[in-house]
Amino acid sequence: MSRLVIVSNRVALPGVPSAGGLAVALQAALEETGGLWFGWSGNIDPVESGRLHDRTEGNIRYVTVDLSKRDHDDYYNGFANRTLWPLLHFRVDLVDYSRETYAGYRRVNALFAEKLAPLLREDDLIWVHDYHLIPMAKVLREFGVRSRIGFFLHVPMPSSDLLAALPQHERLFEGLSSYDLIGFQTERDLERFQDYVRLFGRGRVIEHGVLETKGRRLRAGAFPISIDTAHIVKQAAASANRPGVKRLASSLSGRALAIGVDRLDYSKGLPERFRAFERFLKRHSGQRGKLTFLQIAPVSRGEVAEYQHLRHELEQLAGHINGVHAEPDWTPVRYVNRNYPHPLLTGYYRLARIGLVTPLRDGMNLVAKEFVAAQDAEDPGVLVLSSFAGAARELDSALLVNPYDLDGVADAIAVALAMPLEERRERWQAMMTLLQANDITTWRRNYLMALRGI
Ligand SMILES: O=P(O)(O)OC[C@H]1O[C@H](O[C@H]2O[C@H](CO)[C@@H](O)[C@H](O)[C@H]2O)[C@H](O)[C@@H](O)[C@@H]1O
Ligand SMILES: O=c1ccn([C@@H]2O[C@H](COP(=O)(O)OP(=O)(O)O)[C@@H](O)[C@H]2O)c(=O)[nH]1
């Protein structure tokens, strides 16, 4: 059986908490199959990049690389998260491109390939993840790696005209032709990628999911990532006795809970969500005081200016809403910049009557799926979900909203709060059936079967 080699920027090192769906999903996938996980160590080396760390826990070998401050700034804070992240989330207005950071991005990809290549075996299945590592396969081929290499994009693939706004986009995206298989979260992402290859990539679509570019044939498909459904169901059922869950439950004083859980990221639409919640308080004054909104938002990419601005905006908004609407015995918005362990989060989801997942654009959003899986089948909560999250393609029994329509989100909150038990059960069961059919194992198996089949 071929060894699975996962390559990603973020690595879920044992005992090191990190918010983010990629790490959560890949950890669950690798626990099933075992293998090698290669990526950034999370450490900044004061002198230079390249120091390796090698540890094995159970059936997973973790090999990670330290980066110098300059490399981390150029590759991660710079090109990955100030250029590619906004571009891939349809925010060309926020794209900050420089040749220096692009050179750093390519430099770090070359370093990762140089460190990884000696660890590889001929029959490995190499699975590269996400926008940080687009050039990886091309560089590995230059190191003589002939194994099958697949790529998975965890974030949206935007319209090709947006991609074409990126300087040197041809050079960057031509690197995708060195992969044998490219995976996307949704069919829409796949279609937009095919449009790009046809319109700007000087390639052609032979048939849906089969492309030819630079004289090379590659396959592409939609593989919606998911969660370890059975594990979350079990975890949630046992969560009621967790001290943290009991404390939250008693602190609500009988009020219903609406919960949001997101990295502090402008793609998550948190300012719009806060404003929509205030609209709810104004438009549905009869329900005032009956609902408390808890937003958990661990800081993310804190060195990037746009993320710092967002944090200040949310602090102002939360303070404003509470200042205007709170009562001595009721604080409408609870806002927490902290990262909570998964088991505790699961218990919080289960307590909530409403899950508020309203990103402006999101590749998938695993929180939406986790919220559903964590519910009590006898008394499930209601998911209010942005139509612009990848998860909306599957979870269409949620109350789907346009996150830019603040009145619409406000009214959806009111509908969710008043929704009869029977309807809540029907909606929840439809989504739960899907999550049981498409869980993290299905995602991994479907992708790797497609990669092996090439
Ligand atoms: O690694 P960070 O910079 O801390 O960011 C955390 C992760 O954010 C993004 O997650 C994406 O992948 C999820 C799983 O497929 C998906 O549900 C979500 O919609 C995406 O935003 C990013 O793409 C990852 O690389 C980061 O690790
Ligand atoms: O305090 C937190 C906040 C988030 N998460 C996890 O981080 C992931 C977020 O993934 P999602 O796909 O929703 O968004 P991303 O952060 O990857 O863009 C989910 O598994 C959450 O349970 C966590 O463990 N602790």
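Keep in mind that what you see is a predicted model, and the values were worked out from it rather than measured. Just so you know, ligand 1 is whichever comes first in the structure, and atom 1 is the first atom listed for that ligand.
- Put simply, the side chain of W37 never gets that close to the backbone of R61: no donor and acceptor are under 3.5 Å apart.
- With respect to atom 18 (C) of ligand 1, the closest heavy atom belonging to the protein is D362 OD1, 3.6 Å.
- Between R10 and ligand 1, at least one pair of N/O atoms sits closer than 3.5 Å.
- The single protein non-hydrogen atom nearest to atom 20 (C) of ligand 1 is H154 O, 3.7 Å, given as residue, atom name and distance.
- Both the backbone and the side chain of V367 come within 4.0 Å of ligand 2, counting heavy atoms alone.
- Residue L22 has no N or O atom closer than 3.5 Å to an N or O atom of ligand 2.
- The shortest N or O to N or O distance between Y131 and ligand 1 is not below 3.5 Å.
- When the options F184, F223, F151 are evaluated for a ring-ring contact (aromatic ring centres under 6.0 Å, His included) with Y447, the one that passes is F223.
- In summary, the aromatic rings of Y335 and F274 are positioned with their centroids under 6.0 Å apart.
- In this structure, of K268, R263, H342, R10, the residue bringing a heavy atom nearest to atom 14 (O) of ligand 2 is K268.
- Among protein heavy atoms, atom 17 (O) of ligand 2 sits closest to G21 N, 2.7 Å.
- At the top of the distance list for atom 17 (O) of ligand 1, counting protein heavy atoms only, stands N365 N, 3.1 Å.
- Heavy-atom separations between H129 and ligand 1 are all 4.0 Å or longer.
- For atom 23 (O) of ligand 1, the closest heavy atom belonging to the protein is D130 OD2, 2.5 Å.
- In this structure, the protein non-hydrogen atom closest to atom 1 (O) of ligand 2 is Y340 N, 2.7 Å.
- When hydrogens are left out, the protein atom nearest atom 8 (O) of ligand 1 is R263 NH2, 3.3 Å; that is the closest non-hydrogen contact.
- In this structure, the protein non-hydrogen atom closest to atom 23 (C) of ligand 2 is L345 CD1, 3.5 Å.
- Considering backbone and side-chain N/O atoms, Q185 comes within less than 3.5 Å of an N/O atom of ligand 1.
- Not a single heavy atom of F152 sits under 4.0 Å from any atom of ligand 1.
- At a 4.0 Å heavy-atom cut-off, ligand 2 does not touch H154 at all.
- Each of the atoms 19 (C), 20 (O), 21 (C), 22 (O) of ligand 2 lies under 4.0 Å from some heavy atom of E370.
- The closest non-hydrogen atom to atom 13 (O) of ligand 2, taken over D262, L366, D265, comes from L366.
- Protein heavy atom at the shortest distance from atom 7 (O) of ligand 2 is G20 N, 2.9 Å.
- Among protein heavy atoms, atom 3 (O) of ligand 1 sits closest to Y76 OH, 2.5 Å.
- Looking only at protein heavy atoms, the nearest one to atom 2 (C) of ligand 2 is N339 OD1, 3.1 Å.
- A donor atom on one side chain and an acceptor atom on the other are found under 3.5 Å apart for N438 and E394.
- For the pair R444 and W127, the cation-pi test (distance below 6.0 Å, angle within 45°) is failed.
- Residues D74 and Y76 bring no donor and acceptor atom of their side chains to less than 3.5 Å of each other.
- Using a 4.0 angstrom heavy-atom cutoff, M364 does not count as in contact with ligand 2.
- Comparing R301, K268, M364, R361 against atom 5 (O) of ligand 1, the shortest heavy-atom distance belongs to R301.
- Residue contacts with ligand 1: S300 is placed with no nitrogen or oxygen under 3.5 Å of a nitrogen or oxygen of the ligand (distance criterion only).
- Taking 4.0 Å as the cut-off, Y349 counts as a neighbour of ligand 2 on heavy-atom distance.
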